[in-house]
Amino acid sequence: MDGAAGGLGRGFGKGLGSGLLGVIIFSGSLPATRVAVGDFPPLFLTSARALIAALLGAVFLAALRQVKPARADLRSLAVVAVGVVVGFPLLTALALRHVTSAHSLVFIGLLPLSTALFGVLRGGERPKPVFWLFSGLGAATIAGFALLTGDGGSLTGDLLMVAAILLCGLGYAEGATLSRRLGGWQVISWALLLALPAMAAVALVTRPDSWAGIGAPAWLGLAYVSIFSMLLGFVFWYRGLALGGIAGVGQLQLLQPFFGLALAALLLHEPVAWTMIAAAGVVVLCVAGAKRFA
């Protein structure tokens, strides 16, 4: 009995470690995108990161001899591709031409809530009324932050971030359901491969006229969002969920806005106002309450 409990404890501990690494990797996505979009067009950045990640995903799938998804899974994979491979990266890249990465990270606090909402809509669940109360408070906090502060924000950037969060939540919810059959990192890899032809064509059409003006920071940003944000982050994140459980390890996602704000301040030297930290804190509390009563 003690041995079994110890095994479960070790599994949860390993899950927390792997999940935390995944969250830290994802936390660097918006700061890296902010750097890359300074030199790369948003459409090229979105398609290039998907193209690079798809090629790496194909190597993993082939090397580990993963079973191909069934034809019935293609629709769900297309939803994941639209939400996570195309929608979120493109809309955040466009938004980061109008807002700072620190400002945009406050919106990331709503991502777990967006995922839960689409999980409710897709699964037909009936959460308690308190769930909707916390959901409304979280959304109101973001709306108030966007309207009342000028911390590197703009209406266009804020609306693009809201759209990005909605699409990403849809992709996460669909992917979570599909991962029960295919596995977590396999889902993102197959979704990337499904989008590969379109992304390759877009990358070819939108490539910069000259590569000479692309600085090293932009190349590093592209490498980060392609290798880490688009693929490896999912490997660690889904491994953590599998080892430690969704309920326990999933709470780590609430730390993502704070990790991101720290990275924006340390690496990009962006100002992080107290209003950003306060808004992110309120959103995290609202999301935690909503998930408790889901």
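What you see is a predicted model, and the numbers here were worked out from it, not measured in a lab.
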Applying the side chain to side chain contact (heavy atoms under 4.5 Å, CB included) test to Leu167, which of Leu90, Val79, Leu91, Val162 qualifies? Leu91

Could you check whether any side-chain heavy atom of Thr156 comes within less than 4.5 Å of a side-chain heavy atom of Leu160, counting everything from C-beta outward? yes

Give the minimum heavy-atom separation between Pro41 and Arg97, together with the two atoms involved. CA-NH2, 3.8 Å

Whether the side chain of Arg207 engages the backbone of Ala48 through a donor-acceptor N/O pair (distance < 3.5 Å, no angle test) should be reported. no

Which of parallel (below 30°), tilted (30 to 60°) and perpendicular (above 60°) describes His103 and Phe107? tilted

Is Val130 reachable from Val282 through a run of hydrophobic residues whose side-chain heavy atoms are each under 4.5 Å from the next? no

Could you grab the distance from atom CG of Leu268 to atom OG1 of Thr100, nearest 0.5 Å is fine? 9.0 Å

Report yes if the distance between the aromatic ring centroids of Phe44 and Trp211 is under 6.0 Å, otherwise no. yes

Heavy-atom pair with the smallest gap, counting every atom of Phe60 and Leu231: CE1-CD2, 3.7 Å

Side chains of Arg181 and Gln186 in contact at under 4.5 Å (non-hydrogen atoms): no

OH (Tyr172) and CZ (Phe88) are apart, to the nearest 0.5 Å, by 6.5 Å

Main chain of Thr33, side chain of Tyr224: is a donor-acceptor contact present, judged purely on distance under 3.5 Å? no

Worked verdict on Ile108 versus Phe259 for side-chain contact (heavy atoms from CB on, under 4.5 Å): CA-CA 11 Å; Ile108 295 299; Phe259 285 140; over 6 Å; no

Hey, is the main chain of Ile165 close enough, under 3.5 Å, to the side chain of Ser114 for a donor-acceptor pair? yes

Starting from the C-alpha separation in whole Å, work towards a yes-or-no answer on side-chain contact (heavy atoms from CB on, under 4.5 Å) for Leu21 and Ile25. CA-CA 6 Å; Leu21 183 54; Ile25 289 173; 4.3 Å; yes

Just checking Phe228: does its CZ atom have more than 12 heavy atoms from other residues, nucleotides or ligands closer to it than 6.0 angstrom? no

Passing candidate, side chain to side chain contact (heavy atoms under 4.5 Å, CB included) with Met230, options Val225, Leu192, Leu56: Leu192

Determine the minimum heavy-atom distance between Ser104 and Met161, stating which atoms define it. O-CE, 3.6 Å

List the steps and the verdict of side-chain contact (heavy atoms from CB on, under 4.5 Å) for Leu105 and Leu263. CA-CA 11 Å; Leu105 280 159; Leu263 290 172; over 6 Å; no

Considering the options Val82, Val85, Leu77, Val80, which one meets the side chain to side chain contact (heavy atoms under 4.5 Å, CB included) requirement together with Leu194? Leu77

Tell me the closest heavy-atom pair linking Pro208 and Ile214, and the distance in Å. CG-CD1, 4.4 Å

Let me confirm one number: the OG-CG distance from Ser226 to Leu45, rounded to the nearest 0.5 Å. 7.5 Å

What about Ile52 and Val205, same hydrophobic cluster or not, with Ile/Leu/Val/Met/Phe/Trp/Tyr joined at side-chain heavy-atom distances under 4.5 Å? no

Same hydrophobic cluster for Ile227 and Val84, using side-chain heavy-atom links shorter than 4.5 Å among ILVMFWY? yes

Side-chain heavy atoms under 4.5 angstrom apart, residues restricted to Ile, Leu, Val, Met, Phe, Trp, Tyr: same cluster for Val86 and Leu51? yes

Atom of Ala54, atom of Leu196 and distance for their closest heavy-atom approach: CB-CD1, 3.9 Å

side-chain contact (heavy atoms from CB on, under 4.5 Å) between Lys68 and Trp190: does it pass, once the steps are laid out? CA-CA 8 Å; Lys68 292 181 180 180; Trp190 287 118; 4.0 Å; yes

Tightest non-hydrogen contact, residues Asp39 and Gly213, listed as OD2-O, 4.0 Å

Within the 6.0 Å centroid threshold, strictly below: Trp185 and Phe236: no

Any link between Phe26 and Val35 through a network of hydrophobic side chains (Ile, Leu, Val, Met, Phe, Trp, Tyr) touching at under 4.5 Å? no

Is it true that the side chains of Asp158 and His98 contain a donor and an acceptor less than 3.5 Å apart? no

Within this structure, what is the CG-CG distance for the pair Asp73 and Leu182, rounded to the nearest 0.5 Å? 5.0 Å

Say you draw a straight line from CZ of Arg75 to CG of Leu178; how long is it, rounded to the nearest 0.5 Å? 11.0 Å

